[in-house]
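No hydrogens, no waters, no symmetry mates; every other heavy atom, side chains included, goes into these values. Chain letters run A, B, ... following the sequence lines, proteins first, then strands; residues in each count from 1. Computed from a predicted structure; not experimentally measured.
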Amino acid sequence: MGEKLIGARMTRTEDVRLLTGRAQFVDDVRPPGVLEAAVLRSTAPHARIVRIDTAAAAAHPGVFAVVTGADVRAVVRAPQPVIWRPDPDARIPPAYPLAVDRVLYEGQAVAAVAATDRATAEDALELIKVEYEPLPAVTTLDQALAPDAPRLHRELPDNVAGRMVVAKGDVATAFAEADVVLRQSFRFARQMGAPLETRGVVATWDPFTSRLDLWLSTQAPNLARELLGEVLGLSVDMIRVRTPDVGGGFGNKFDFYGEEVVAAILSRVSGRPVKLVEDRRESFVATVQSREQHIDVELAARLDGTITGLRGTLHGVLGATLSTIGMSPCWTAAASMTGPYDIPAYEMNVVGVLTNKPPYGSYRGFGLPKANFVHEHLVEMLARHLGLDAHAVRRKNFIPPSAFPYVSPVFVFDSGRYEECLDMCLRAVQRAGWPSFVSAARARGEAVGIGYSFHNEVTGFAPSRIANQSGLQNAGFDEEVVRIDSTGHVTVRTGLSAMGQGLHTALAQVAAHCLGVPLEHVTVVSGDTEACPYTGYGTAASRAAAVGGAAVLNAATRLRAKVLRVAGHLLEVSPDDLVIDDGVVSVVGVPEAAVTLARVGDAAYRRINGLLPEDELPTLEEREVYDPSNVATAYGCTAVLASVDVETGVVTLSGYLIAHDCGTVINPSIVDGQLHGGAAQAIGGALFEQIVHDGSGHALTRSFSDYLMPMATEVPPIGVEHMVTPADHVPGGFKGAGEAGVVGGGAAIAHAVADALSDFGVTVTSLPITPPSLLAAIRKGAGR
Amino acid sequence: MKLTVTCTVNGREVRADCEPRRTLADFLRHDLGLTGVHVGCEQGACGSCTVLLDGATARSCCLLAVQVDGATVTTVEGLADNGVLGPLQEAFRSHHALQCGFCTPGMLATATELLRDNPRPTEAQIRTALSGHLCRCTGYQHIVDAVKAAADPGEPEAGEEQHRS
Ligand code: FES
Ligand code: FES
């Protein structure tokens, strides 16, 4: 296969542009005549809109268009689509891009202005007068579920949007026969992905041709195109979505936002291109938020540590309306809560509850960090209760390698060597010298500890039938096109989105590997629905490498066969006797009998007569539509070294190790980077990040000084080790790695803190672990 | 009302008219087309808009363009010479120190200042120097590695804690 590029630590093809300031992010896109828009946002958490007066804003110099909820409502054919419906009976309250009659959370979009520039648009917003009649708001689960709770939507009988059950086996018997039953409640705060580039769109909706042209900072251009079509009543051929460089997504740029529709309508009204980029302050109310769940569970076990049952209730604290992906992160948490363990009986009741807060949407991890936190806490709790070693309990309950494919409550896990991965992590901890560091620190009276978490993760969420069965109104297959041109160079066209994860490098490595060409000879084109093929869903759910990589591999493998046939014709030998290396096709053992790929390309495109076999069509191109038969299960073990200042409750992390298996690795540097970045988000989620609303519904978190994300001084050195268990059913054996880093971190940090504070009997059941909450627990423990 | 600002940007003298309320970041991005200056928060918290102003790092979102009249500004566009990456840029590339690249121009500005003032920083010093910058993608490890690699190859001072595998 020529160069072994699959598995090589190549530098990224994306980097030079980014390092020299030559990238183009959405705010850098400036079509001629572009206007800039700004959105007026509700100052009330819940209110009836009595009156909106936009006359002064419309008359302000430099203003080209002003729209309100009523204007938008008159244009759209459908409310904002909810594409994932794990509960088919869910009550989906209609949501429109701008509030109509009532506002349901502080920061909800109420009106929008397009003007010559953003500052002028913001000036005009100040001239819009809105009269609100306040209504009582609910922000906590208890408030929303109270019998006399104010209702968010009059058409619903209460604030429950939906209920689902995820179950397996005979739970009643498991609990009736259990030696031990443990109970625990968990609370997870609201958090968000907060990509450093905020969301943005540049829309041009031609009033004469009705064609809609968008530049959109998105992870799901095909989906955005289809949903825009649904909402605006356009066939998809009328809509072009281009994706510029994207400054991070983390799921937050997967969802389909009302601003996209608003920008299009402003463009239609003004007859000009309209740019709408949220500023950081509004991102804290305008971008989806995630993670907020209350989970109450019971665990059934035998005295030897065998877990026999798990059951409970998961409340998703949703926003006022459903996001594009509805209640699916809550369902996913329930679907994944048995984790890497063979738990025969399971039942989780999922309840989605509406509150006066921004919608709950996609964020890296998508339910899994909560599921992981719960099962890992329970394993440690059970071990403590029975006087066993926590790792012994893990080993006792791991799904053994012989049990794959393993039918979990929802997904079928393809492969895994969990004990080996745990051992790899434990060895790394020994090698790093943590145990002696801990003993030395403890001898000095310091509170230092090591925590672990083991996770498994469904990646490559793509099989269309599985996606549809889970309630997703969208397929998951991926289409890739690989073409060799007349100079023998390669272009890969992908419908997947590049958002910083190194997609272009990874797909180029797969193509170059299969075709035997140098990496520099491959160009990857993405980010244009008119030039690129289709991908189902979008670039999320740890799909790009596992699904896109496999599709490119299949296409390139077929293309290689055609290259060999043409070369065989040119060299007058059988294609079976040929190899390709470094862009040159040669006869095995006779390196001087060779043709370059450039000559093969020339024969396929230009000087065809006599050079191209008569039974071959010109061109060198293959298109692969790949719909995998199953998801691919990745897994890993995280270890964290933490110390706690018992006087202040401040947690400091000084080491972070991950042993990980994502099948065949395309580029270890990229995978390491994904794990590091996920780890940093796990650290933020475990120790710092929290979106807070006060009791009356006001959004208190509005900037990076309120929403604290970890910096280089809060993130410790991170070490990653790989083991490789290929996914047998995926060409190339790839599994996804995009979300892995964030899944296990919270539990590992919590356990490190608990270990550091074992003298105080502190355990952690809610995130984030803030200094005041930890200090209170320490004081309580000290006073025992 | 518009005011005229004259300054030297990436080695060239420029003059442009702008409103007094124009931030330096918007001035560089919109009036001069230097879109390598990235704006992540507009309140001095994320560091992505950091440029070198008379050789020292400055957050261009927290300055007004009119304040730099007569000054010298270097943006990321001024770090590479004639199509050749500077040593820090090269180190960022070889250490996979960027993913989406949105924080990168600011990181490069601060790392440039750090290595000029302290050619052999320890890992802890690098982390402290970068601690005014948010990166949501990389977890910082590879950025720290890159800055270390771009530093003077002499031994960093001893005494660092090391808990990596
Ligand atoms: S944009 Fe200037 S510090 Fe964030
Ligand atoms: S590389 Fe994306 S924010 Fe740093």
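- With a threshold of 4.5 angstrom between heavy atoms, A/Ala498 does not approach chain B through any atom at all.
- Proximity to chain A (any heavy atom under 4.5 Å) is restricted, for B/Glu42, to the side chain, taken from C-beta onward.
- When heavy atoms are compared at a cutoff of 4.5 Å, A/Glu714 does not approach chain B at all.
- Within the 4.5 angstrom heavy-atom criterion, atoms from both the backbone and the side chain of A/Phe704 approach chain B.
- For chain A, the nearby part of B/His30 is the side chain; its heavy atoms alone come within less than 4.5 Å.
- There is no contact between A/Phe284 and chain B, counting heavy-atom distances below 4.5 Å.
- For chain A, the nearby part of B/Leu108 is the side chain; its heavy atoms alone come within less than 4.5 Å.
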Considering only distance and modelled atom types, tabulate donor-acceptor pairs under 3.5 Å from the side chains of residues 63-73 of chain B, sequence neighbours left out.
residue, atom, partner, partner atom, Å
B/Gln67, OE1, B/Leu64, N, 2.7
B/Asp69, OD1, B/Thr6, N, 2.6

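- Using a 4.5 Å cut-off between heavy atoms, B/His133 touches chain A through its backbone atoms (N, CA, C, O) alone.
- For B/Leu85, the part lying under 4.5 angstrom from a heavy atom of chain A is the side chain only.
- Taking CG of A/Leu675 as the start and CD1 of A/Ile658 as the end, the distance is 5.0 Å to the nearest 0.5 Å.
- Interface remark: B/Thr128 contributes backbone and side-chain atoms alike to the contact with chain A (heavy atom separation under 4.5 Å).
- Checked against B/Thr112 for a side chain to side chain contact (heavy atoms under 4.5 Å, CB included), the options B/Thr57, B/Val147, B/Leu52 give a single hit: B/Leu52.
- Using a 4.5 Å cut-off between heavy atoms, B/Glu77 contacts chain A through both its backbone and its side chain.
- The most heavy-atom pairs under 4.5 Å with chain B, out of A/Ser669, A/Gly248, A/Ala680, A/Gly684, come from A/Ser669.
- Highest contact tally toward chain B, considering only A/Asp279, A/Asp245, A/Val16, A/Thr198, is held by A/Val16 [criterion: heavy-atom pairs under 4.5 Å].
- In this structure, the separation between CG on B/Asn118 and CD on B/Glu113 is 11.5 Å, given to the nearest 0.5 Å.
- With sequence neighbours excluded, the residues forming a side-chain contact (heavy atoms from CB on, under 4.5 Å) with A/Arg427 are A/Asp423, A/Met424, A/Arg431, listed by chain and number.
- When heavy atoms are compared at a cutoff of 4.5 Å, A/Met709 approaches chain B by way of both its backbone and its side chain.
- With chain B as partner, the option from A/Arg118, A/Arg22, A/Arg30 having the largest number of non-hydrogen pairs under 4.5 angstrom is A/Arg30.
- When heavy atoms are compared at a cutoff of 4.5 Å, B/Arg22 does not approach chain A at all.
- For a residue to count as touching a neighbouring chain, one of its non-hydrogen atoms must lie under 4.5 Å from one of that chain's; by this rule A/Ala679 does not touch chain B.
- Both the backbone and the side chain of A/Val715 have a heavy atom closer than 4.5 Å to some heavy atom of chain B.
- Heavy atoms closer than 4.5 Å to chain A are found in both the backbone and the side chain of B/Ser131.
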